[in-house]
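First comes the structure, then the notes that go with it.
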Amino acid sequence: MTASRIPSQVVFVIDDDASMREAVSRLLNAVGLTVQTFASAREFLAGKLPDVPGCAVLDVRLPGLSGLDLQREMVERGIHIPVIFITGHGDIPMSVQAMKAGAVEFLTKPFRDQDLLDAVRAGIQLDRQGRKERAELAELRDGLRQLTPREREVMSLVVAGLLNKQIALRLGTSEKTIKIHRRHVMQKMRADSLADLVRMSQKLGIETT
Amino acid sequence: MSKIDDNRLELERSLRAESEMGQVTSKRVRDELEQRVKERTSQLSAINAQLINEITERERAAIELTRAKDELAADLNADLKTMLCLHELSTRLLTTTELQLLLEEILDATIELLHADFGNVQLCNPQSKALEIVAHRGFKQDFLDYFSSVHEDSAACGRAMQHRRRVIIDDVEADPGFAPHREIAASAGFRAVQFTPLFSRSGEALGMISTHFRQPHHPSEHDCRFMDLYAHLAAEFIDRKRAEEKVRRNEIYLAEGQRLSHTASWAWIVSTGEVYWSAELFRIYGLDPDKQRPSYPDVLKYIHPEDRARVQTTFEDAVREQKEYELAYRIVWSNGTIRHVNNLAHPVFNERGTLLEYVGTTIDTTERVQAEERVHKAYERVDMILESISDNFFGLDKEGRFTFFNKHAAEQMRTLGRDPDALIGRVAWEEFPDMPNKDKVLRVLSEHVVIVDEVYYAPLGQWVENHMYPSSDGGLVNFQKYITERKRTEEELHKTQAALAHVTRVATLGELTVSIAHEVNQPLGAIVTNGHACLRLLSRANPDIDEARRAVECMIADGIRASEVINRIRGLLKKSRDGKSSCNINDNIREVLALTAGELTKNGINVRTELAHGLPYVIADRVQIQQVVLNLILNGKEAMSGAGWQPRELLIRSEQAGPEIVVTVTDTGVGIAPENREGIFVPFFTSKEGGLGFGLSIAQTIVKAHGGRLWTKPGHNDQGTTFQFSLPTVENLR
């Protein structure tokens, strides 16, 4: 079922068994979730996915690319949608593998509806969170890109805990110049405080002390 | 001269008379006289001249005569020489054996005789009837090649042979018949030629002597006559040579004939005691022809001691009574070898009835005797075998009459209350009207085919197996054994096989548990989820009745799906009772696929089907055929199960191929090594851990029992494996 307008969240259901697909879809719809169904991993990868928080409910056994392979493929392609596995037969090694690869949940059919709904909700929440974080990170990176090389240098020394005077000495320039650089950094990075800047740096993977 | 004298005398007389008469008329008379004298003189001159001519003539004739005499003498000399030559050649005929040499000498003599420039001798080839040059003088290769083989109807020499007469061509330029050969004649350098054909006493064409002359020439009658003598001599010689040759050949043939037939001839001259032995006889006796030729009674020492007395008696009796005799006896060679011979001899008498000689033929019959012994032994052996085999052995002639019972067959007849000896010569089905396989017996007798059949013979209470073979006399022989035990065992075996098939089936299905679980869990899972959804839909503040109804409908459908799966499995597990019925092969394939689809997908296998539409039905046991398909599919899956194996494709195809339906299962797996392609159908062959190793062998048994075949070959592009099995369509069941 494709939504006629952009939904606020979406669940992708991928199962080669039509009745299962339909049943899961019906269940999720019943609690007001928007669902998109696919009969195979390839269909899913080829599909136009709406850019809203969501998660995927996959059968482990799929024709062509298996569920686990799809999970791996999604990671490689940078698709961050959380994955919930449903399977017709419980296979411990498989489930362990799936969970280690980052699946949200691994359910065996027939499952309790609540279990699925909980997993879906958790998944969506995860995705929402993830999106937020990714957006933030993008912003930070954007800010970082705007810094000049000198400002970059100053920033890394500031979050390292050096005083302006020490920085000035290190870079062979005056304290006043450093203060100006520092101000620019705070502006461009939109940091409110040093602590803020430090957090940002950590997020960006810049070394801090 | 005397006439003139007389005339003069007369004249003087006349004159005197006249003068005495008167001298008056003397002048007139004188004149008259003178006139008469003139006349007379001229007359006399003429006669004189004539005389002189005659004398000259006579003288010339005398000279002529002398010359002719000389010539004749010369001719006689030449002829004498020729005759001497002929005589010499003639004597040589008696002693010389070299035909070629003699022909050349004759040729030389002929050329000399005729004063010819070239010549040649041709012999008639008895096979091709053509004349071939065997000797020549003065010719070059081109001439020899040109006339190397001449047939009767061509060329002038051919003409000579045909008309059996000498042909003389005075001038090749003038003779029309010689026209085609003028060029070769010119090249060889002759203008005239004579051909003298040679014939045997019986008139057979032997050859030709030809002589050639540089200038146009016609040989004289005389020369030709001598030519004939030479020709005759040559013909004699050739004829004689041929006769000698024939005799020699005949002698060789005779000797050869004797050798080949191991027949030898001998003769014994009674008066002198001389014996003649042919070459073969020496061989038969193992004697050296250069060493001994024993006569009677020496020859006895070569005869086998046991036969000696008999030979001696028979021979002496026959000679005494001057009768024919025949003897068969053995000869012993010095090295101990024994030869069997058969001797036939008869006496030869002269006109007065006196015994001249005995002539005989001796044949070496050793091989025949040995062969007869072998046959005899063989017969003994056969009899021994027939008596010793435990089968019942019957012989029938072409009318179906009993000819022979072996020990056991006779026993069987007695068990049935019949006398086997009395049955010989009686027709089998007349004596046993309840004979269950009369039609087959008739078939063997009429069509001369081998038939093996099993029948139950109630009077004996036994199952028998008859092997009936046509025999060379138009009848048949029957080897019969009791197979009641065997039949029982076969029945047991059949039961066991069925049980085994069943066990295999179960074991195979055991492998499918995972797949089965999946197949059942799918619909069950959907049912539960739909149920949950339905409850939620109904317990909403605003219940969605329609959607809830749809959910329930789906649940029902899935419930049915699940039970169908169970049924399918139960169907496959059922013990098959060989219940054959009309089957749609595609439906069967699809049912099996429905069961296995899950298993296959789990293994990442892409399943493709190409099932032909409108295939005719087959008569088959549905369960068994599905077992075959299942087995092939699982084998395909197994072949592609290696970790990371790619590609994983399974193709299942059904199609009609003439009178059969062919089902193909192709995988892209590891394939089967060529050396294993036969072995995989043998029980216990398995490369699968925990596998029973029966699947393929039972699959093949099933297919064969349905009248089809199961085989394997490499898959597409030589990768993977293809299994195919065929089943006859309904119309084509044999």
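Here the structure is a predicted model, which is why all the values come from computation and not from measurement.
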Ion pair A:R72/A:E76, N-O distance below 4.0 Å:
no

Determine yes or no for a side-chain-to-main-chain donor-acceptor pair under 3.5 angstrom, with B:R653 supplying the side chain and B:E610 the backbone.
no

Using the rule given for side chain to side chain contact (heavy atoms under 4.5 Å, CB included), can you reason through A:V96 versus A:F106, listing the C-alpha separation, both sets of side-chain angles and the distance that settles it, and then say yes or no?
CA-CA 9 Å; A:V96 168; A:F106 195 97; over 6 Å; no

Polar side chain donor-acceptor pair, B:R561 to B:Q522, under 3.5 angstrom
no

Which of residues 43-59 of chain A have a heavy atom under 4.5 Å from any heavy atom of chain B?
A:D59

Answer with side chain, backbone, both or neither: which region of B:N606 has an atom nearer than 4.5 Å to a non-hydrogen atom of chain A?
neither

Decide yes or no for A:L137 and A:L204: does some side-chain heavy atom of the first lie under 4.5 Å from some side-chain heavy atom of the second?
yes

Report the option among B:A533, B:A548, B:C554 that has the most heavy-atom pairs separated by less than 4.5 Å from atoms of chain A.
B:A533

Which bit of A:L117 is near chain B, if near means a heavy-atom gap under 4.5 Å: side chain, backbone, both or neither?
side chain

Okay, side chain of B:R608, backbone of B:E649: is any donor-acceptor separation there less than 3.5 Å?
no

Please list, chain by chain and in numerical order, all residues satisfying side chain to side chain contact (heavy atoms under 4.5 Å, CB included) with A:E151, sequence neighbours excluded.
A:L147, A:T148, A:H181, A:H184, A:V185, A:K188

